[in-house]
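What follows is a set of notes on a single structure, which appears directly below.
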Amino acid sequence: MNSKDFPKVELHLHLEGAAPPSFIRGLAREKGIDISGIFNEAGHYAYTDFWHFLKVYDAATSVLQTPQDYYRLTRAVLEESAANGVIYSETFLSPDFCGGRDVVAWRDYLSAIREAAEEAERKDGIALRAIVTAVRHIGPEASRETAICAAETAGDFLTGFGLAGDEKMHAPKDFVWAFDCAREAGLRLTAHAGEWGGPQSVRDALHDLKVERIGHGVRAIEDLQLVDELAEQGVVLEVCPGSNIALGLYPQWRKHPIAELDRRGVRVTISTDDPPFFHTTMTREHDRLADAFDWDEGQFRTIHRTAARAAFCDEATRDKILSRLEDA
Ligand code: ADE
Ligand code: ZN
């Protein structure tokens, strides 16, 4: 199988987290900002653990200051995704970074990102939808403003609402207002859980926030009753194996629970999370999974069909993605 050209659907990608280090360095130079401390000698992002990663992420993001910066970022990210065979992508956006949760400013950022997405669709054949994401460690109060930004701009491009950030801070129930607001605006829901928190964190996200997808969710494997519940309810996991391995959640690819979750009937999908931070691409994820679990083209096709069915997009777009998966 040519894993680079194989058509892929990616449901879990943080737009700032996908910024190539060279792109961030270039913007920093243009603006006269010194963020040299976040890179190692080879020019890669350097961090020691997940919590340090979040700080480095914020520092890199600090050079993204205008809608035009996000336009350029979106073009760069989608070009790289398309080069790795991604035909449909969903990206997390945070009004915290884009205009400080001000609805008027946020509209300008979202328009710039959408314009870049439409150009990428025409030029590279990759479709993008956006998921507004509240940042857990910024807190529940801010999440209300974030949800209002999302609700005000919900539509055919901005189709989802989610929760990312430090899973050890606050509880899903603290974000119920924001998720109710997003749901009432017609947005589809997902939340990061079961990455730094265990099975109870996944249960809480499902029961309190009533999400249909879980970001990561891999630590559900520590409770087989929960695994059965996920399988029975058809909850889709946005699994990011290379991210989990780079951040030390699992020591090696063979120890990653994605294959066991799949065997037990859970709907798993494959994403990169923050690819340059984790030295990965969608191509590399496929190569490593094929090596670790002997997965063949049929297995990957099934997984991308699952992702297409779980995508937060309109039915015409879904049909188009599904037929591109079948034709390949
Ligand atoms: N934000 C960016 N990447 C993240 C991750 N892997 N977990 C939680 N929040 C994030
Ligand atoms: Zn993530």
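Indexing begins at 1, ligand by ligand and atom by atom, following the structure's order.
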Is [X] near ligand 1, meaning one of its heavy atoms is under 4.0 Å from it?
{"X": "Phe53", "value": "yes"}
{"X": "Gly165", "value": "yes"}
{"X": "His216", "value": "yes"}

Does any donor atom in the side chain of [X] or [Y] lie under 3.5 Å from an acceptor atom in the other side chain?
{"X": "Thr272", "Y": "Glu10", "value": "yes"}
{"X": "Glu80", "Y": "Thr281", "value": "no"}
{"X": "Asp166", "Y": "Trp51", "value": "yes"}
{"X": "Asn84", "Y": "Ser81", "value": "no"}

task: Check each atom of ligand 1 against the heavy atoms of His14 and keep those under 4.0 Å away; list them by number with element.
output: 1 (N), 2 (C), 3 (N), 4 (C), 10 (C)
- request: Provide the number and element of each atom of ligand 1 under 4.0 Å from a heavy atom of Asp274.
  value: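 Near Asp274, the atoms of ligand 1 are 2 (C), 3 (N), 4 (C).
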Centroid separation under 6.0 Å, is that true for the rings of [Y] and [X]?
{"X": "His216", "Y": "His12", "answer": "yes"}
{"X": "Phe278", "Y": "Phe53", "answer": "yes"}
{"X": "His286", "Y": "Phe300", "answer": "yes"}

- request: Determine, for Asp208 against Lys173, whether the closest basic-nitrogen to carboxylate-oxygen distance falls under 4.0 angstrom.
  value: no
- prompt: What is the nearest protein non-hydrogen atom to atom 6 (N) of ligand 1, stated with its residue, atom name and distance?
  reply: Asp273 OD2, 2.7 Å
- request: Distance to 0.1 Å, residue and atom name: give those for the protein heavy atom nearest to atom 7 (N) of ligand 1.
  value: Glu195 OE1, 2.8 Å
message: If we ignore hydrogens and angles and just use 3.5 Å, is the side chain of Glu195 paired with the main-chain N or O of His192 as donor and acceptor?
response: no
task: For the pair Tyr45 and Phe277, name the ring-plane relationship: parallel under 30°, tilted 30 to 60°, perpendicular over 60°.
output: parallel
statement: Ignoring waters, protein N/O/S atoms under 2.8 Å from the Zn ion (ligand 2) are His12 NE2, His14 NE2, His192 NE2, Asp273 OD1
- prompt: Under a 4.0 Å heavy-atom limit, does Phe50 contact ligand 1 with its side chain, its backbone, both, or neither?
  reply: side chain
